[in-house]
Amino acid sequence: MNTPHYDHKAIEEKWQERWQEQNLYAAAQDSAKKKFYCLIEFPYPSGEGLHVGHVRSYTALDIIARKRRAEGYNVLYPIGWDAFGLPAENYAIKTNIHPAITTKQNTDNYRRQLQALGFSFNWSREINTTDPKYYKWTQWIFLQLFKKGLAYKAKIAVNWCSSCKTVLANEEVINGACERCGTPTEKREKEQWMLAITKYADRLYDDLENLDFAEKIKVQQRNWIGKSNGVLIDFPLENSKEKITVFTTRADTLFGVTYLVLAPEHPFVSALHEKITNWNTVAAYCKQTSKQKETERVAEGKEKTGIQLVGLFARNPANNEKIPVWIADYVLLNYGTGAIMAVPAHDQRDFEFAKKFNLPCTIVVCPHYPEKTCPILDTAYTGDGHVVASGQFNGQPNINAAKNISAFVHARKHTTYKLRDWVFSRQRYWGEPIPIIICVACGFVPVPLKDLPVILPMIENFKPTEDGESPLAAATDWVHTICPACGKPAMRETDTMPNWAGSSWYYLRYIDPQNDTEFANKEVLAYWTPVDWYNGGMEHTTLHLLYSRFWHKFLFDEGHVPSPEPYKKRTSHGLVLAEGGEKMSKSKGNVINPDDMVLRFGADTVRIYEMFMGPFEQATVWSIDNMIGSRRFLERVFRMHKHVSKENKEETDQILTNTIKKVGEDIERMYFNTAISSLMILANYLEKKTTISRNFFETFLLLLAPFAPHITEELWSMLGHTSSIHREPWPTFDPSVAVPKVVTIIVQINGKARGTLSMPAETDEAHVREAAEKIPLVARHLLKQTIQKVIFVKNRVINLVIS
RNA sequence: GCCCAGGUGGUGGAAUUGGUAUACACGCAUGACUUAAAAUUAUGUCCCGAAAGGGAUGCGGGUUCGACUCCCGCCCUGGGCACCA
């Protein structure tokens, strides 16, 4: 037998080399064609190598990129390395090998792994966030933010990870613990660089609406931003000119306010301490609160604590009632005004607090109006109703009362957000130096453009310090510099940027990666932005995805980019889990190495399998057994070429037409598993033929090519083609053929299927009914009972209702 | 607690607007080929039943000629948020 067998290794290596030589997948910088910018989240090149989850995401967009090229677009599908970050640095601490060296090794490994999978990346545009030519512009963007007052240094209580020995952004704290290592975070007062992302909260929120993002992504971002519309109401203090301003969304319940609560950190607490007769106890409570770890303070089911500021009273502006003022740790300083009006009857937290401390509870919203008897509450009533016990507003629906009561007390409309400013400093080595010089005379002075980048110095000791000082502080030669403003000796900022900095704008650098005078040329930006389709993980929704939208909006405001949003469309992939449904992790020893799979089954099989294993957006469990099916499929395709005739047949074919339609539609919807299933069905059909006409087989290969680029290229060349299959146009179909000429009509009796009819399309009810009644099984039913009603849906179903 | 996604054979899953539930694939069983095995290949494979027939898409109701699909209530799994006024 001289049938060439499917030698995936030889085939894949051969074509990968040729594609590389031909620069087959490079995007043209200057093109009259329509552009398509297709993006995956560039990987962090870890020591563990590529994860099969990366392969899933990259294959999906590779398929889309390849289809777009076939459709005639100028496609940009770039790749790079998000290479700053803690693992490289921690590894350096352990082994004393400089992160730059491990990063180089790891990126080389990743590059080899990605190339072995045949992704159509535009390799000549490869970028690396740790390259000074790259981070020069990361620093430059930071300075633009600084110049606009959006980067500022502030002493605030920050999340501190005692294990990583650095501060964390709110987005990096999960359930009060470090996202990376799981250590519970502490609050520490530190001077930090902050980015004023909250200034963009409203636009980040509102602009989501018109974006083609998966709905769950929008929901999650909206929840994180946490927009809340309400009013500010002033409560004058007794015997004082001061007033406490509260934020509320429930102005309708103002008459039900029985006390006020301030956050323990509220400035009024110490400012008014002369009026507070129990000051010592109050001070003790404040101190105790500040010592608590975040996890303790928000612990589930924790009982409310608090203490009254004895001697301090406020007046309810609605009814002039004298009410006490409390402090409690359930009121947060950095949300709203740090003070609340408590309405125990209509807020569960206030209800619990009032119950514990025996504070009065006045019902002001009644669901059963006008029945005057309101229920005795065992829980707060937070629903709608009519307002009672509220003076001249009695009887109004609470929605109306909210407006009217607000006007009555001169409340000001106010919107507040859960989003906080982004803590941007890290006390670690392996990051972009913050390009600021601290001068005794001039303050914070930006490093001038001509001196950018501020190169990260090579140092010996990467170890972060216990006191939260950056390891860079020890590089005294580097730290001591001259103030660019006054020329006197000054010091460099020693904190570095978080690993989210470089990834906040990387998609812009791919557009013009070699540019040395700007981060990217304006004209080229105008052609390529925004990204047309971006796929990534859900875990980045409130981190990278939100941060980069913020940076992009800022660059847009400054006139540096032409669009207000970076990404037109965002999709997300499901996790690839280990057998047993667990997350793959080094510690569990259940990590699947793509190298082993490529070696054993071939890149095309791995690609097909990862797309076939389940719905793209859902988590799926890895199974080597199931991978065999994908391998067999490709082997059968390979064997099939023997039966391909030399002639083309002009006939159009229903199955082929349907497959062209289905594969095309399914790729667009990311239903890759059903696209492959329909390709398998077509292969099964072709396999049964003794000869396969050439044009049929070629069309089949063109449809399969985005999924399995190597084997299709090999078969394409075996058919005598000298140019690449990946330069061929995407197959089209005749829509009139896609409409079937013969349809299968389901025959039901009382809604149960009893048979099928194969009839010409568009056959009318009378003819279908006639044929249906002749079906033996149907006829038997009709002997005993008579037809009461006939439901007929053309080309679909006939249902005989009998009794 | 709130928000989002999901629950279908032994397994991964399919069913695009309410119209043959279980496509495609894995696994399993039996046969062919083989000295044998692997590979390949043919047939079968939701459950009960000899058949006729009946039952089944997490559970309980409802709407409909007809429900995996729509509505109401509940249970479970995964993800997100979590004292946000």
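Just the heavy atoms: all of them, side chains too, but no hydrogens, waters or symmetry mates, feed the values below. To find a chain, count down the sequence lines: A is the first, B the second, and so on, and within it residues start at 1.
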**Student:** Please say whether the positively charged group of A/Lys304, taken as NZ for Lys or CZ for Arg, lies over the ring of A/Tyr330, i.e. under 6.0 angstrom from the six-membered ring centre and within 45 degrees of the axis.
**Tutor:**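 Judged by the rule, A/Lys304 and A/Tyr330 form a cation-pi pair.
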**Student:** Which glycosidic conformation, syn or anti, is assigned to B/G9 if syn requires a torsion within 90° of zero?
**Tutor:**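 With its glycosidic angle within 90° of zero, B/G9 counts as syn.
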**Student:** Who is the Watson-Crick or G-U wobble partner of B/C70, with both distances under 3.5 Å?
**Tutor:**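 B/C70 is paired with B/G62.
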**Student:** For A/Val55 versus A/Thr59, what's the shortest heavy-atom pair and its separation?
**Tutor:**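 Scanning both residues, the minimum pair turns out to be O-OG1, 2.5 Å.
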**Student:** Can you pull every protein N or O that's under 3.5 Å from an N or O on nucleotides 16-19 of chain B?
**Tutor:**
residue, atom, partner, partner atom, Å
B/U16, O4, A/Lys662, NZ, 3.1
B/G19, N2, A/Gln748, OE1, 2.6

**Student:** Counting Watson-Crick and G-U wobble pairs only, both distances under 3.5 Å, name the nucleotide matched with B/A29, or none.
**Tutor:**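 WC or wobble partner is B/U43.
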**Student:** Please report the interatomic distance CD1(A/Ile244) to CD1(A/Ile233), rounded to the nearest 0.5 Å.
**Tutor:**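 The CD1 atom of A/Ile244 sits 13.5 Å away from the CD1 atom of A/Ile233.
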**Student:** How would you label the contact of A/Asn334 with the nucleic acid (heavy atoms, under 4.0 Å): base, sugar-phosphate, or nothing?
**Tutor:**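 No contact at all - A/Asn334 keeps every heavy atom at 4.0 Å or more from the nucleic acid.
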**Student:** Under a 3.5 Å cut-off for both contacts, is B/A51 paired Watson-Crick or G-U wobble with anything, and if yes, with which nucleotide?
**Tutor:**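 Here B/A51 is not engaged in any pair, so there is no nucleotide opposite it.
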**Student:** If each of A/Ser677 and A/Thr248 is mapped to the nucleotide of RNA chain B with the nearest heavy atom, which maps nearer the 5' terminus, i.e. the 5' end?
**Tutor:**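 Of the two residues, A/Ser677 wins.
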**Student:** Locate the shortest heavy-atom distance separating A/Asn590 from A/Ala578; write the atom from each residue and the value.
**Tutor:**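 Result for this residue pair: ND2-CB, 3.4 Å.
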**Student:** Judged by each residue's nearest nucleotide on RNA chain B, which is more toward the 5′ side, A/Ile676 or A/Leu777?
**Tutor:**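 In this pair, the answer is A/Ile676.
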**Student:** Using a distance-only criterion (donor-acceptor N/O pair, under 3.5 Å, no hydrogens), is the base of B/C81 paired with the side chain of A/Lys418?
**Tutor:**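 Per atom types, no contact qualifies.
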**Student:** Which whole number of Å gives the distance between the P atom of B/G61 and that of B/C26?
**Tutor:**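 It comes out at 39 Å once rounded to the nearest Å.
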**Student:** Pick the C1' atom in B/A5 and in B/A51, then give their distance to the nearest Å.
**Tutor:**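 Straight-line distance between the two C1' atoms is 45 Å.
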**Student:** Which base, if any, makes a Watson-Crick or G-U wobble pair with B/U35, both distances under 3.5 Å?
**Tutor:**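 Across any shown strand, B/U35 pairs with none.
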**Student:** Return the value, rounded to whole Å, for the distance between atom CD of A/Gln348 and atom C1' of B/G1.
**Tutor:**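 So the CD-C1' distance, A/Gln348 to B/G1, works out to 10 Å.
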**Student:** Taking all non-hydrogen atoms of both residues, which atom of A/Ile64 and which atom of A/Ile667 are closest, and how far apart?
**Tutor:**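 In this case the closest contact between A/Ile64 and A/Ile667 is CG1-CG2, 3.9 Å.
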**Student:** When all nucleic acid strands are considered with a 4.0 Å heavy-atom cut-off, which category describes A/Arg420: base, sugar-phosphate, or nothing?
**Tutor:**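 The residue A/Arg420 makes base contact.
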**Student:** Taking atom types as modelled, is there a side-chain donor on A/Asn535 or A/His573 under 3.5 Å from an acceptor on the other?
**Tutor:**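 The criterion, which ignores hydrogens and geometry beyond distance, is satisfied for A/His573 and A/Asn535.
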**Student:** What integer distance in Å separates A/Tyr335:OH from B/C81:C1'?
**Tutor:**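 Computing the A/Tyr335:OH to B/C81:C1' distance gives 13 Å.
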**Student:** Determine the interplanar angle of the A/Phe633 and A/Phe700 rings, folded into 0 to 90°, and report it as parallel if under 30°, tilted if 30 to 60°, perpendicular if over 60°.
**Tutor:**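 Ring orientation, 0 to 90° scale: perpendicular.
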**Student:** Would you please test A/Val423 and A/Leu168 for side chain to side chain contact (heavy atoms under 4.5 Å, CB included) and show each step?
**Tutor:** CA-CA 7 Å; A/Val423 181; A/Leu168 300 172; over 6 Å; no
**Student:** Indicate the ring-plane relationship of A/Trp326 and A/Phe357, choosing parallel, tilted or perpendicular according to the 30° and 60° boundaries.
**Tutor:**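 Tilted: the ring planes of A/Trp326 and A/Phe357 meet at 30° to 60°.
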**Student:** So, is A/Ser630 near the phosphate of B/A25, with a side-chain N or O under 4.0 Å from OP1 or OP2?
**Tutor:**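 Result: no.
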**Student:** When you get a sec, tell me which of B/C24, B/C3, B/A85 is the closest nucleotide to the side chain of A/Val219?
**Tutor:**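 For the A/Val219 side chain, the nearest candidate turns out to be B/C3.
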**Student:** Who does B/U77 pair with, Watson-Crick or G-U, both distances under 3.5 Å?
**Tutor:**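 Answer to the pairing question: B/A5, which forms a Watson-Crick or G-U pair with B/U77.
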**Student:** Of A/Glu215, A/Gln221, A/Lys216, which meets side chain to side chain contact (heavy atoms under 4.5 Å, CB included) against A/Val219?
**Tutor:**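 Among A/Glu215, A/Gln221, A/Lys216, the one meeting side chain to side chain contact (heavy atoms under 4.5 Å, CB included) with A/Val219 is A/Glu215.
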**Student:** Check whether any side-chain nitrogen or oxygen of A/Lys752 sits under 4.0 Å from OP1 or OP2 of B/A67, and answer yes or no.
**Tutor:**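 No, no such contact exists.
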**Student:** Using the rule given for side chain to side chain contact (heavy atoms under 4.5 Å, CB included), can you reason through A/Ile197 versus A/Leu204, listing the C-alpha separation, both sets of side-chain angles and the distance that settles it, and then say yes or no?
**Tutor:** CA-CA 9 Å; A/Ile197 191 172; A/Leu204 289 168; 3.8 Å; yes
**Student:** Both distances below 3.5 Å, Watson-Crick or wobble geometry, any strand: find the nucleotide opposite B/A23.
**Tutor:**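 Base-paired to nothing in any strand shown.
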**Student:** Does the side chain of A/His540 come under 3.5 Å of the side chain of A/Glu41 through a donor N or O and an acceptor N or O?
**Tutor:**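 The criterion, which ignores hydrogens and geometry beyond distance, is satisfied for A/Glu41 and A/His540.
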**Student:** Provide, to the nearest angstrom, the distance between the CZ atom belonging to A/Phe353 and the C1' atom belonging to B/A85.
**Tutor:**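 A/Phe353 atom CZ is separated from B/A85 atom C1' by 14 Å.
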**Student:** For each nucleotide in nucleotides 40-48 of chain B, reading 5' to 3', give B when a protein heavy atom comes within less than 4.0 Å of its base, S when such contact involves only the sugar-phosphate, and - otherwise.
**Tutor:** SS-------
**Student:** Pick the P atom in B/A36 and in B/G44, then give their distance to the nearest Å.
**Tutor:**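 Pairwise P distance, B/A36 against B/G44, rounds to 26 Å.
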**Student:** Could you run down the sub-3.5 Å N/O contacts of the protein with nucleotides 5-14 of chain B?
**Tutor:**
residue, atom, partner, partner atom, Å
B/G12, O2', A/Met613, O, 2.4
B/A14, OP1, A/Asn673, ND2, 3.0

**Student:** Out of A/Arg669, A/Lys661, A/Lys662, which residue meets the salt bridge (charged side-chain N to carboxylate O under 4.0 Å, His left out) rule with A/Glu665?
**Tutor:**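 Only one option passes, and that is A/Lys661.
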**Student:** Without decimals, in angstroms, what is the distance between A/His346 NE2 and B/C83 C1'?
**Tutor:**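 Nearest whole value for this atom pair: 19 Å.
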